[in-house]
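Notes follow the structure.
In the text below, chain A, chain B and the rest are named by the order of the sequence lines, each starting its count at 1.
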2 protein chains.
Amino acid sequence: MTLRNAWRRNNIGRRMNEAVRIFENRIIEHLKDHGHAELTSAHINLTRNLDEDGTRLTELARRASLTKQSMSELVDQVERTGLIEKRPDPADGRAKLVCFTEKGFEWLEAFHQSLEVAENEMREELGVAMVDLLVEALGKYVEARQGKQPDLAG
Amino acid sequence: MTLRNAWRRNNIGRRMNEAVRIFENRIIEHLKDHGHAELTSAHINLTRNLDEDGTRLTELARRASLTKQSMSELVDQVERTGLIEKRPDPADGRAKLVCFTEKGFEWLEAFHQSLEVAENEMREELGVAMVDLLVEALGKYVEARQGKQPDLAG
DNA sequence: CCAATTTAGTTCGGATGCCTGACCATATGA
DNA sequence: TCATATGGTCAGGCATCCGAACTAAATTGG
C-alpha cells in the first residue's frame with residue numbers, strides 16, 4: 001500500500017466497520033459462553049427494538065429498517081425459542097403486540113451483562129473518558145444524519 | 001423506556017451499529033448518484049482488501065474473514081461488472097491474482113471521492129479533531145482485540 | 001350507516017450472502 | 001517420489017432479506 005493510498009486502510013468507515021464487528025462478535029460469544037445460544041445478531045435487531053411493554057410488528061420493522069415481512073420472520077424464529085410471544089393488541093383487532101416472556105426478560109438481563117463485559121473491555125483499551133466521548137460523538141452523528149437517509153418500502 | 005433501562009438505547013454497540021449503517025449507506029448512495037451503481041456493500045468487502053498490484057483469492061478471503069468459497073462468489077460477481085479481473089499468478093501455477101482493471105481504478109477513484117464526502121459530513125457534525133480522535137480510538141480498539149476473535153474454517 | 005380507503009399482518013416466491021463438505025491441481029519437502 | 005499442504009472449484013444448503021399479492025380490521029367521508 002503506497003502512502004498515496006493510505007486512505008484505503010485508514011478511514012472512518014472501515015474502522016467503524018471492523019470495530020462494530022469485533023464488538024458484536026464479543027457479545028454473542030459471551031452470551032453463548034453463559035448458556036444463551038438462542039439468538040444471533042440478526043435477532044438482536046429485533047430484541048433491541050422491543051419495548052418492555054410490547055411493540056407492534058410494523059413498528060419493530062420500521063425501527064429496524066426492515067420490511068414487515070422480514071421482521072415477521074424474525075419474530076417467528078425468536079418466538080420458537082420462547083423468548084418472546086405474540087399477544088392480541090387490545091387497542092386494535094388487527095394488530096399483535098410482540099412481548100418478552102419471563103424467559104425473555106431473563107435473556108435480556110444476560111444480554112445486558114454481556115454488553116457490559118464488551119464495553120468494559122473497550123474501556124480497558126481506550127479508557128473510560130474516551131469511550132464516553134465516543135458514544136457521545138457517534139450518537140450526535142447518528143441524530144444529525146438520521147432522516148437524511150432514504151426510506152424503505154414495506 | 002424507563003431510566004433503569006436506558007442502557008438499551010444508549011450503548012456503544014448500538015451507537016456504532018447505527019453510525020456505520022448510516023455512513024455506509026451514504027457512500028453507496030453518493031456513488032450511485034455519480035454513476036457508479038455497480039457494487040453493493042458486500043462487494044466493498046472485496047475491493048477494500050484488494051491491493052493495487054493484485055491479491056490472491058485466499059488472501060482476500062482471509063482479510064475479509066470469509067471462506068474462500070464465499071469470496072470466490074463475490075469475485076465472480078464483481079468480475080462481471082468489469083471492475084476486476086483474474087490473472088494467472090506467475091509465482092504459483094495454482095493461484096490466480098485478482099486485480100483491478102482500468103475501469104476498476106476509475107471506480108476506486110470515485111469510491112475515494114464518495115468516502116471523502118461522507119467523512120466531511122461527519123466532520124461537519126463533530127469537528128475535525130473529534131473525527132481524528134474517533135478514527136484513532138477505533139483503530140486502537142480493533143488492533144488490541146484483533147486475534148482474540150475465533151478463526152473461521154475455510 | 002355504509003362504501004372507499006388505509007393499515008396490520010400473512011403467504012408465496014425469489015435473490016443474496018454466507019456456510020460445509022468434497023473435490024482437483026499444483027507446489028513443497030522429507 | 002510420494003505424502004502432505006495449499007490455491008481454488010463445484011455442489012448443496014441455510015439464513016436473511018426483498019417484492020407482490022392477499023385477508024381482515026379500522027377509519028374516514030358522505
Measure from CG on B:Leu60 to C1' on C:dG17 and round the result to the nearest Å. 17 Å
To the nearest angstrom, how far is A:Leu66 atom CG from C:dA15 atom P? 20 Å
Rounded distance (Å) that lies between atom C1' of D:dT16 and atom CG of A:Leu46: 13 Å
Could you tell me whether the phosphate oxygens of D:dG12, OP1 or OP2, come under 4.0 Å of any side-chain nitrogen or oxygen in B:Gln69? no
Take the protein atom CG of A:Leu74 and the nucleotide atom C1' of D:dC14, then report the distance between them rounded to whole Å. 14 Å
With distance as the sole criterion, is a donor-acceptor pair present between the side chains of B:Arg62 and B:Asn49 under 3.5 Å? no
By a strict heavy-atom criterion of less than 4.0 Å, which residues belonging to residues 37-44 of chain B are in contact with DNA chain C? B:Thr40, B:Ala42
By the definition side-chain hydrogen bond (donor to acceptor under 3.5 Å, both in side chains), identify the one residue from B:Glu24, B:His30, B:Glu29 that meets it with B:Arg26. B:Glu29
Does B:Thr67 place a side-chain N or O at less than 4.0 Å from the phosphate oxygens OP1/OP2 of C:dC18? no
Assert: residue with more 5' nearest nucleotide on DNA chain D, out of A:Gly93 and A:Ser70, is A:Ser70
Can you list every pair that meets side-chain hydrogen bond (donor to acceptor under 3.5 Å, both in side chains) and has a residue in residues 122-139 of chain B, with sequence neighbours left out? B:Glu119-B:Arg123, B:Asn120-B:Arg123
Rounded interatomic separation in angstrom, taking CZ from A:Arg80 and C1' from D:dT16: 13 Å
Report yes or no: do B:Glu73 and B:Gln77 form a side-chain donor-acceptor pair below 3.5 Å? yes
Fit a plane to each ring of A:Phe105 and A:Phe100, take the angle between them on a 0 to 90° scale, and name the class: parallel (under 30°), tilted (30 to 60°) or perpendicular (over 60°). tilted
CE-CG distance between A:Met16 and A:Asn11, expressed to the nearest 0.5 angstrom: 9.0 Å
Can you tell me the distance, in whole Å, between the CD atom of A:Glu79 and the C1' atom of C:dG9? 13 Å
Spacing of B:Cys99 atom SG and B:Glu79 atom CD [to the nearest 0.5 Å]: 10.5 Å
Select base, sugar-phosphate, or nothing to describe what A:Glu73 touches, counting heavy atoms under 4.0 Å on all strands. nothing
Roughly how far apart are B:Leu115 CG and B:Arg48 CZ, rounded to 0.5 Å? 10.5 Å
Find the distance A:Asp76:CG to D:dC17:C1' and express it as a whole number of Å. 15 Å
A:Val78 versus A:Thr81: any side-chain heavy-atom pair under 4.5 Å? yes
Along nucleotides 3-8 of chain D, 5' to 3', which nucleotides get a B, which get an S, and which get a -, given that the test is a protein heavy-atom distance under 4.0 Å? --BBBB
